[in-house]
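Below: one structure, written as structure tokens.
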Amino acid sequence: MAEEENLSDDMIPYVEFADNANERTPCVLVLDCSGSMRGEPIKQLNAGLKALEKELKDDIDASSRVQILIIKACGKDDEAVVASDWVDAMNFTAPVVEAGGLTPLGKAVDLALKKIENQKDLYDSCGVSSKRPWIFLVSDGEPTDYGWEQAAQRCIEAQKNKKVIVHAIGTQGANMEKLAKFSIMEPKRLVGLKFTEFFLWLSRSVSCVSKAAPHADDLLKDIEAWNEE
């Protein structure tokens, strides 16, 4: 009885890794959910997240190897909040996100980098190996928070130090020049509202990475192909 009383939420991750000791591929989605996404854009974004959930769960390898974290960049006070914390793909439930507020991309990527560092520490403490984390930054506008340039530079430094791979994706209306400051790779343009197609590509890409270690640039060929359709 005494042992049961000493159990805490901090021990739960260890149980998770004990049940599934596979190497993990961490994947963070930083989503612009600002007011400009109201209406059809946010509807299509949510549909895409549901498609991502299904695709990852249907993939035997990805479901046990990929971990997902979703961060929303939105809010009247330029907030960045976790919409869905770290979870194995097999247990991932797509959150329903709402549009509103501004676009604190700087705070959002800072939060993403912090969450990645914490998760890597947890992997190490549990003896679980992991591949280089991915961050997908998706926006239909541009950063609105103070100091976002410094946050973007921290993002660049993390990539140069091989701590993370960052893909910047701009939807219609996005300031591609500013998005480019967050990634050492050229940002990609999402044509129309092809969120479902994008998330299906994302799922297949992280599944591929979870089983092998191809160069990130090679995995951009598919997104370029469906962007040209």
Side-chain angles (χ1 to χ4, degrees), residues 12-13 16-17 19-33 37-74 81-99 108 112 115-116 119 128 130-140 165-172 188-212 214 216 218-229:
I12 293 175
E16 174 186 352
F17 293 132
D19 292 339
N20 175 15
N22 283 317
E23 181 178 60
R24 297 305 204 278
T25 299
C27 179
V28 181
L29 306 183
V30 175
L31 305 178
D32 177 351
C33 300
M37 288 286 290
R38 288 192 180 97
E40 192 63 21
I42 202 69
K43 178 181 177 181
Q44 292 300 322
L45 175 60
N46 280 310
L49 288 172
K50 290 299 293 183
L52 174 65
E53 174 189 338
K54 183 179 187 303
E55 186 80 1
L56 287 173
K57 287 181 175 178
D58 288 346
D59 186 313
I60 295 176
D61 291 305
S63 65
S64 61
R65 294 174 179 271
V66 175
Q67 286 206 312
I68 299 291
L69 168 72
I70 297 180
I71 293 174
K72 297 190 302 178
C74 62
V81 297
V82 173
S84 176
D85 214 337
W86 289 116
V87 64
D88 284 334
M90 67 176 71
N91 299 317
F92 173 61
T93 299
V96 176
V97 296
E98 299 180 355
K115 295 288 288 186
I116 284 172
Q119 193 68 358
V128 173
S130 63
K131 286 192 166 66
R132 195 182 310 179
W134 284 24
I135 294 177
F136 290 88
L137 174 62
V138 184
S139 176
D140 73 334
I165 297 170
V166 178
H167 298 277
I169 311 295
T171 64
Q172 187 172 0
K188 298 298 174 181
R189 174 80 69 177
L190 184 73
V191 176
L193 296 173
K194 293 186 177 181
F195 286 109
T196 295
E197 291 91 335
F198 165 65
F199 283 121
L200 290 178
W201 169 83
L202 185 159
S203 173
R204 292 160 189 164
S205 297
V206 295
S207 175
C208 179
V209 168
S210 71
K211 292 176 282 188
D218 294 337
L219 294 176
L220 290 175
K221 293 178 181 178
D222 288 340
I223 196 171
E224 290 172 347
W226 58 252
N227 265 341
E228 293 171 357
E229 294 177 356

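Residues forming a side chain to side chain contact (heavy atoms under 4.5 Å, CB included) with Ser203 (at least two apart in sequence, or on another chain): Leu52, Glu55, Leu56. Residues meeting the salt bridge (charged side-chain N to carboxylate O under 4.0 Å, His left out) test with Glu23, sequence neighbours left out: Lys131. Residues forming a side-chain hydrogen bond (donor to acceptor under 3.5 Å, both in side chains) with Ser64 (at least two apart in sequence, or on another chain): Asn22. Applying the side chain to side chain contact (heavy atoms under 4.5 Å, CB included) criterion to Asp58, with sequence neighbours excluded, gives Lys54. Under the side chain to side chain contact (heavy atoms under 4.5 Å, CB included) criterion, Thr196 pairs with Ala47, Ala51, Leu200, sequence neighbours left out. Scored by the side chain to side chain contact (heavy atoms under 4.5 Å, CB included) test, Val82 finds Leu69, Ile71, Asp85, Leu111, Lys115 as partners (sequence neighbours excluded). Applying the salt bridge (charged side-chain N to carboxylate O under 4.0 Å, His left out) criterion to Arg132, with sequence neighbours excluded, gives no partner residue.
A salt bridge is absent between Asp59 and Arg204; no separation between the charged side-chain nitrogens and carboxylate oxygens falls under 4.0 Å.
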Test Trp86 against Val28 for side chain to side chain contact (heavy atoms under 4.5 Å, CB included), laying out the working first.
CA-CA 9 Å; Trp86 289 116; Val28 181; 3.6 Å; yes

Evaluate Cys27 against Leu202 for side chain to side chain contact (heavy atoms under 4.5 Å, CB included), listing each step before the verdict.
CA-CA 10 Å; Cys27 179; Leu202 185 159; 4.0 Å; yes

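Screening residues 39-50 for salt bridge (charged side-chain N to carboxylate O under 4.0 Å, His left out) gives Lys50-Glu53 as the qualifying pairs, with residues at least two apart or on separate chains.
If you take CH2 on Trp134 and CG on Leu29, they are separated by 11.5 Å, rounding to the nearest 0.5 Å. The distance from the CG atom of Leu190 to the CD atom of Gln44 is 10.5 Å, given to the nearest 0.5 Å. Note that CG of Leu45 is 9.5 Å distant from OG1 of Thr171, once rounded to the nearest 0.5 Å.
Summarising the geometry of Ser210 relative to Ser207, their closest heavy-atom pair is OG-O, 2.6 Å, with the distance given to 0.1 Å. When all heavy atoms of Ala108 and Ala73 are compared, the closest pair comes out as CB-CB, 3.8 Å. Here the closest heavy-atom approach between residue Gln172 and residue Arg189 is recorded as CA-NH1, 4.3 Å. The two atoms that bring Asn91 and Lys57 nearest to each other are C-CE, 4.5 Å, heavy atoms only. Of all the heavy atoms in Ala83 and Pro95, the pair that sits closest is O-CB, 4.0 Å.
At a threshold of 4.5 Å between non-hydrogen side-chain atoms, the residues Phe92 and Ile70 count as touching. Side-chain atoms of Leu31 and Leu49, non-hydrogen and from C-beta on, do get closer than 4.5 Å to each other.
By the 30° and 60° cut-offs, the orientation of the rings of Phe136 relative to His167 is parallel.
When atom types are taken as modelled, the side chain of Asn46 and the backbone of Val97 share a donor-acceptor pair closer than 3.5 angstrom.
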